[in-house]
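Because the structure is a prediction, the values reported are computed rather than measured. Lettering of chains follows the sequences in order, A, B, ..., and the numbering in each one begins at 1.
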There are 2 protein chains.
Amino acid sequence: MLVHQQKDIPTLIKDTGLVETRRRQIVQAAVDLFIQKGFHKTTTREIASRANFSIGTLYEYIQSKEDILYLVCEFIHSEMEKQVKEAIKPADTGRDTLKNAIDRYLRVCDRMQDHILLIYRETASLPGDSISYVLKNEARITGMFEDILTRGKDDGTLKLRHHRGITLIAHNIAVLGHMWTFRRWFLKKAFTLDEYIELQTSLILNELSSHNGAGPP
Amino acid sequence: MLVHQQKDIPTLIKDTGLVETRRRQIVQAAVDLFIQKGFHKTTTREIASRANFSIGTLYEYIQSKEDILYLVCEFIHSEMEKQVKEAIKPADTGRDTLKNAIDRYLRVCDRMQDHILLIYRETASLPGDSISYVLKNEARITGMFEDILTRGKDDGTLKLRHHRGITLIAHNIAVLGHMWTFRRWFLKKAFTLDEYIELQTSLILNELSSHNGAGPP
DNA sequence: CCTCACTGATTGAGCGCTCGTTCATAATAG
DNA sequence: CTATTATGAACGAGCGCTCAATCAGTGAGG
């Protein structure tokens, strides 16, 4: 049984907060260990002992090791989404919102480098039916950028040369953040985070400005 | 002992091609299995039997399971580099070369989707001192784009607004290809490969054209 | 042409160990 | 005392890797 298919929690009492508390402890312990050693090389015993209880107890709150991985992925995505959302103010223009959101997003990615790598590495180890849940979480983050781009298009502060540009650029932005984490060994040699944000933002905004920039023939 | 530190091949005969043949067989078998089940869930016995020999023989040609992963990563990168290089003609302008190279690169990424994902997932499982070898292979591919951009800057067919734009854009291009593979579930809903190539190429070339496109204030 | 010792390549049963998971038992709370 | 939660020894399947035994090819001696 998988965690995201909330079904058979053994007792009623368990539903009054203890399950959630314990699962939070499990996730916290597991995130650290998975980042450090990867999912496969981390043992359930290690997770339990870092969460300060025994394997027996661990298995009261999950059904399998893979459940832990699912909880971890869920946690990371929801954490990222929450933090980026804070930078979105409905009062701003689309263009300003985009600038702020990109800035916040890239800083969140920088702070959560290891978490992002973790998701890239271990998503494939999830049981088949959990993978689509995790992909949907990823899609929600891209969706936030799509929404902002749409707003900018509607209020006239952002121009699009191609009608399907919104989807593509939203994905491009989402990937910029990941790129900063999985190419950090290269990129940090050449750029500080602030420089990276400034340059990439300028590339994006340049594309979304009102030129009809046609190059030489 | 690691494979990339060529040292103690037991006999002379082994060096006359048999080692290379066997290793090619090992890599071929391992690539398939790693793509299908991942590195950790693939057993050495499976690799041996798919390569049509026994575990004993397998261990005559490698020192550890991780050696196989190293050989696989090396193979994938060299295969990609080789194929992209074919699209680079020294006679063309920088701009034309860039167009051709992006086209070829994205098509190679499309063909080698699973291989690219494999590298993202399993690089972390390499022994620490092998990781840097694999990163260097990745850097060589980005380096090809840097060279092309430099050529275009020198022959005047490509314009750069920022002096460090070459490095950044080269990385951006390299990541475009990977993005097509690890976001295929989203992107293939919206774009065909040809559309994706066309749109992304147009974004890149637009940036490298001779406008000084400054948007609204 | 046969024999047989020699060599390097191949085999796969088996070793030692780890890990995910379970469950009888103990501790604790109400 | 009862109900709930926690424990960790025990289980058994599976793994990477080894190595004594075997096979197949070669060529010198008769």
Side-chain angles (χ1 to χ4, degrees), chain A residues 1-3 8-30 33-34 36-72 122 125-127 130, chain B residues 1-3 7-27 29-30 33-34 36-72 122 125-127 130:
Chain A
M1 174 265 196
L2 296 162
V3 162
D8 59 345
I9 287 166
T11 70
L12 282 173
I13 304 269
K14 275 200 173 179
D15 227 354
T16 60
L18 221 195
V19 173
E20 296 314 316
T21 308
R22 287 277 184 258
R23 283 192 175 162
R24 227 175 296 134
Q25 295 173 296
I26 292 170
V27 166
Q28 204 156 15
L33 288 164
F34 290 172
Q36 203 180 101
K37 332 176 47 183
F39 173 70
H40 289 285
K41 286 190 179 166
T42 300
T43 67
T44 51
R45 267 168 263 255
E46 285 175 297
I47 296 169
S49 89
R50 184 179 273 239
N52 285 118
F53 40 69
S54 66
I55 342 138
T57 302
L58 179 69
Y59 273 88
E60 290 289 316
Y61 300 98
I62 55 150
Q63 309 280 341
S64 72
K65 193 189 176 190
E66 284 161 344
D67 277 1
I68 302 176
L69 183 56
Y70 175 77
L71 292 172
V72 163
E122 311 293 2
S125 301
L126 285 166
S130 296
Chain B
M1 174 266 194
L2 295 161
V3 162
K7 268 194 227 161
D8 59 347
I9 288 166
T11 70
L12 283 173
I13 305 266
K14 275 198 174 179
D15 226 354
T16 61
L18 223 194
V19 174
E20 297 314 315
T21 309
R22 287 278 183 259
R23 284 193 175 161
R24 228 174 296 134
Q25 295 173 298
I26 293 170
V27 166
L33 288 164
F34 290 173
Q36 203 180 101
K37 332 175 47 184
F39 174 70
H40 283 102
K41 285 189 179 167
T42 301
T43 67
T44 51
R45 266 169 265 255
E46 284 176 297
I47 296 170
S49 88
R50 182 178 274 239
N52 285 118
F53 39 69
S54 66
I55 341 134
T57 303
L58 180 68
Y59 273 90
E60 290 289 315
Y61 300 98
I62 53 148
Q63 309 281 341
S64 72
K65 192 189 177 189
E66 284 160 343
D67 277 1
I68 303 177
L69 183 56
Y70 175 77
L71 291 172
V72 163
E122 311 294 3
S125 301
L126 285 166
S130 296

Are any protein N/O atoms closer than 3.5 Å to N/O atoms in nucleotides 25-30 of chain C? If there are, list each pair with its distance.
none

Tell me the interatomic distance from [X], atom [atom1], to [N], atom [atom2], rounded to whole angstroms.
X	N	atom1	atom2	answer
A/Lys65	C/dT18	NZ	C1'	11 Å
A/Leu69	C/dG20	CG	C1'	15 Å
B/Ile62	D/dT18	CD1	C1'	13 Å
B/Gln25	C/dA9	CD	C1'	13 Å
A/Glu60	D/dA3	CD	C1'	13 Å
A/Leu58	C/dC19	CG	P	15 Å
B/Tyr59	C/dT11	OH	P	16 Å
B/Arg22	C/dT11	CZ	C1'	13 Å

### Any residue meeting ring pair (Phe, Tyr, Trp, His ring centres under 6.0 Å) with B/Phe39, in chain and number order, not counting sequence neighbours
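Once residues adjacent in sequence are excluded, the partners of B/Phe39 under the ring pair (Phe, Tyr, Trp, His ring centres under 6.0 Å) criterion are B/Phe34.
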#### Entry: Verdict with supporting geometry, B/Leu58 and B/Ile68, side-chain contact (heavy atoms from CB on, under 4.5 Å)
CA-CA 10 Å; B/Leu58 180 68; B/Ile68 303 177; 4.3 Å; yes
### Query
Distance check: side-chain N/O of A/Thr57 vs OP1/OP2 of D/dT7, anything under 4.0 Å?
yes
With sequence neighbours excluded, residues passing side-chain hydrogen bond (donor to acceptor under 3.5 Å, both in side chains) with [X]:
X	answer
B/Ser125	none
B/Arg24	none
A/Thr57	A/Ser54

### Query
What's the verdict on salt bridge (charged side-chain N to carboxylate O under 4.0 Å, His left out) for A/Glu66 and B/Lys41, showing C-alpha distance, side-chain angles and the deciding distance?
CA-CA 14 Å; A/Glu66 284 161 344; B/Lys41 285 189 179 167; 3.7 Å; yes
### Message
Between B/Tyr61 and B/Gln25, is the side-chain contact (heavy atoms from CB on, under 4.5 Å) condition met? List the steps.
### Response
CA-CA 11 Å; B/Tyr61 300 98; B/Gln25 295 173 298; over 6 Å; no
### Task
Check the pair B/Leu71 / B/Ile62 against side-chain contact (heavy atoms from CB on, under 4.5 Å), numbers first and verdict last.
CA-CA 10 Å; B/Leu71 291 172; B/Ile62 53 148; 4.2 Å; yes
### Query
How many angstroms lie between CG in A/Leu69 and OG in A/Ser130, if you round to the nearest 0.5 Å?
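Reported to 0.5 Å precision, the distance equals 8.5 Å.
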### Residues within residues 39-46 of chain A bordering DNA chain C, heavy-atom distance below 4.0 Å
A/Thr42, A/Thr43, A/Thr44, A/Arg45
### Message
Test your reading of the model: is there a side-chain donor-acceptor pair from A/Arg50 to the backbone of A/Ala30, 3.5 Å cut-off?
### Response
no
### Task
Only counting residues at least two apart or in another chain, list the ones meeting side-chain contact (heavy atoms from CB on, under 4.5 Å) with B/Thr43.
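B/Thr43: side-chain contact (heavy atoms from CB on, under 4.5 Å) contacts with B/Arg45, B/Glu46.
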### Positions of residues 47-55 of chain A (non-hydrogen atom under 4.0 Å from DNA chain D), listed by number
A/Phe53, A/Ser54, A/Ile55
